[in-house]
There are 2 protein chains.
Amino acid sequence: MPRIPASERRVALVLAAVQVIGRGGVSAATTRAIVAEAGMSLASFHYAFTSHDELMAEVVRWVIAEERGAILPDGIEIGSLEDVARAGLQRYFDLLRADPEREQAVNELALYALRTPDMQHLARQQYEGYHALAAAALTFAAEHTGSEWTRPVDEVARLLVALTDGLTLAWLVDRDDTAAGHLIDNAAALVAGMAHTR
Amino acid sequence: MPRIPASERRVALVLAAVQVIGRGGVSAATTRAIVAEAGMSLASFHYAFTSHDELMAEVVRWVIAEERGAILPDGIEIGSLEDVARAGLQRYFDLLRADPEREQAVNELALYALRTPDMQHLARQQYEGYHALAAAALTFAAEHTGSEWTRPVDEVARLLVALTDGLTLAWLVDRDDTAAGHLIDNAAALVAGMAHTR
DNA sequence: CTCCGAGTGGGTCGATCGTCCCACTTGTTG
DNA sequence: CAACAAGTGGGACGATCGACCCACTCGGAG
C-alpha cells in the first residue's frame, strides 16, 4: 500500500462510501465495506476518521455540495419560460436516469440525516440549498424571458423542488419513462403559468 | 405471559415494528427491539415469523394497506374544484403533522423495499396504489364540480402524487408550516387549472 | 383424567458490527 | 546517520445482530 496523507484518505473514503451506499443503501455502508471499496485497511480508516459517524456526516456534506453543482445549467437556455422550465427539469431527469442509484442514495442520506440528531441541520442545509438554487434559477429564467412571477419566487421555488422530489421518487419506484416525461411537461407548463410577461 | 395464537402475535409484532420504525427508523427495527416493544420473548417472534425479513415484508404490506384508507376523504367536499383540491391536500397535511414519524417511516420503508430485491414489487404496488387513489379522487372531484380534466386523469394523478411526496419531504425536513401552507394553496390552484367547466 | 400439540422462556450459537491497540515501515528533518 | 512523526497492517476487543434449540407449561379434545 502506498503512503497517502490522511487528508487524501478522507476524500477517498468518502467517495468509496458514496459508491457503497449507491450500490446497497445506507445500511450497507459498513466501515469494513467502505474500506474494502477503497482498498484500505481498517486502521487507515480510523487514522483518517475518528469514528464511522464522522465519516457519514462528511458523506452527507459531500453529497450536498456535489448535488448543488450538478443541477446548475451548463448553458443559457433559449425559448419561452415553459421551454426553459422543461429543459431544466429534463436535464435533471437525464441526470437521474444516468445514475439512479446515486439519486436514491441522496434520498436515503437525507432521511438518514433526519434520523440522526447531530445531522438534522445537514438535512436542513440540503433543502435550503435546493430551495435557494431553485429560486435563483427561476429568477434568472424569468429575467431572461422577460416575465415575472405572479407569486413570490420562494413559493415557486418550493413548488419546483417538491415536483422534482416527487418526480424522483415516483420514477425510482416504477421507472416509467413515459409517465415521467408527461409529468415533466405538465410541471413545466404549470410553473410557467405562474408568471406573466412583464 | 398470556397465551396468544401465532396469528395474533403476527399482527401485534407488525404493529410494534411500525412503532419502532417510526421512533428510530428502519435500522432500529431490530428483532429484539420489536420484541421488546411488543412485550414478547425472542422465541415468540420466531414462532410467529420464520425470519426477520418475513416480518419486514409484512410491515410494508401493512403500511401500504393502512395508508390507502387514511387518505380517503371522510365526507363529500363542497365548493369549486380548487377548494376540493385544497381541502384534500390540507387533510393529508393535517395527517402528516399529526404523526410525522409515521409518514417518515412510510418513506423509509418505501426506499427500504426498493433496496430489497424480494420486496421491490411491494414498493411498486405502493405507488400504483397512490396513483390509482389519486386518479379516483380526481375523477370523483371533477364529476362533482361539473368540470373535466384537460389532460388524462392519470397524468394529473401522477402530478398530484408527486406534489404530495414533495410536500411531505420538504416539511419533514424543515417543518415550515407557513411554506407548506403556501405550497398547498399553489398546488391546489395549479391542479384545478388543469380542468375546465364542462 | 390424560394426553398431545400449540405456545413460551431463556440461554446460546456464529457472524458481523465499530473501535481500538501495538508493532512495524516509511519519508523527512536535523 | 540518527531520530521522530506520519502512516500502515493485522489481530483482537466487547457489543449486538438474527437465528435457533430445548425444556417447560398450558389448554382443549378424547
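So you know, we letter chains A, B, ... as the sequences are listed, proteins then strands, and number each from 1. Computed from a prediction, not measured in an experiment: that's the story for all the values here.
Atom CE of M40(B) and atom P of dG10(C) are 15 Å apart (whole Å). Between E8(A) atom CD and dG7(D) atom P the separation is 10 Å, expressed in whole Å. At whole-Å resolution of the value, CD in E54(A) and P in dC20(C) are 12 Å apart. Atoms CD1 (I34(A)) and C1' (dT19(C)) sit 14 Å apart, rounded to a whole Å. When rounded to the nearest whole Å, the span between CG of L13(A) and P of dG7(D) equals 13 Å.
Comparing Y47(A) and S41(A) by the nucleotide of DNA chain D whose heavy atom lies nearest to each, the residue mapping closer to the 5' end is Y47(A).
Within the structure, the salt bridge (charged side-chain N to carboxylate O under 4.0 Å, His left out) test picks out the following pairs touching residues 165-175 of chain A (sequence neighbours left out): D174(A)-R158(B). Applying the side-chain hydrogen bond (donor to acceptor under 3.5 Å, both in side chains) test to every pair with at least one member in residues 15-41 of chain A, sequence neighbours left out, gives these pairs: R23(A)-E37(A), S41(A)-S44(A). Applying the side-chain hydrogen bond (donor to acceptor under 3.5 Å, both in side chains) test to every pair with at least one member in residues 184-194 of chain B, sequence neighbours left out, gives these pairs: R151(A)-N186(B), E155(A)-N186(B).
Partners of D176(B) according to the salt bridge (Lys or Arg N to Asp or Glu O under 4.0 Å) rule, which considers only residues two or more places apart in sequence or in another chain, do not exist here. Applying the side chain to side chain donor-acceptor pair (under 3.5 Å) rule to W171(A) yields the partners D177(A); only residues at least two apart in sequence or on another chain are considered.
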Between L160(B) and Y130(B), is a side chain to side chain contact (heavy atoms under 4.5 Å, CB included) present by the stated rule, with each step listed? CA-CA 10 Å; L160(B) 182 59; Y130(B) 291 165; over 6 Å; no

Could you run down nucleotides 11-20 of chain D 5' to 3' and tag each one B, S or - for protein heavy-atom contact under 4.0 Å? -B----BBB-

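Judged by distance alone, with hydrogens and angles left aside, R3(B) brings a side-chain donor or acceptor within reach of the base of dT25(D), the pair sitting under 3.5 Å.
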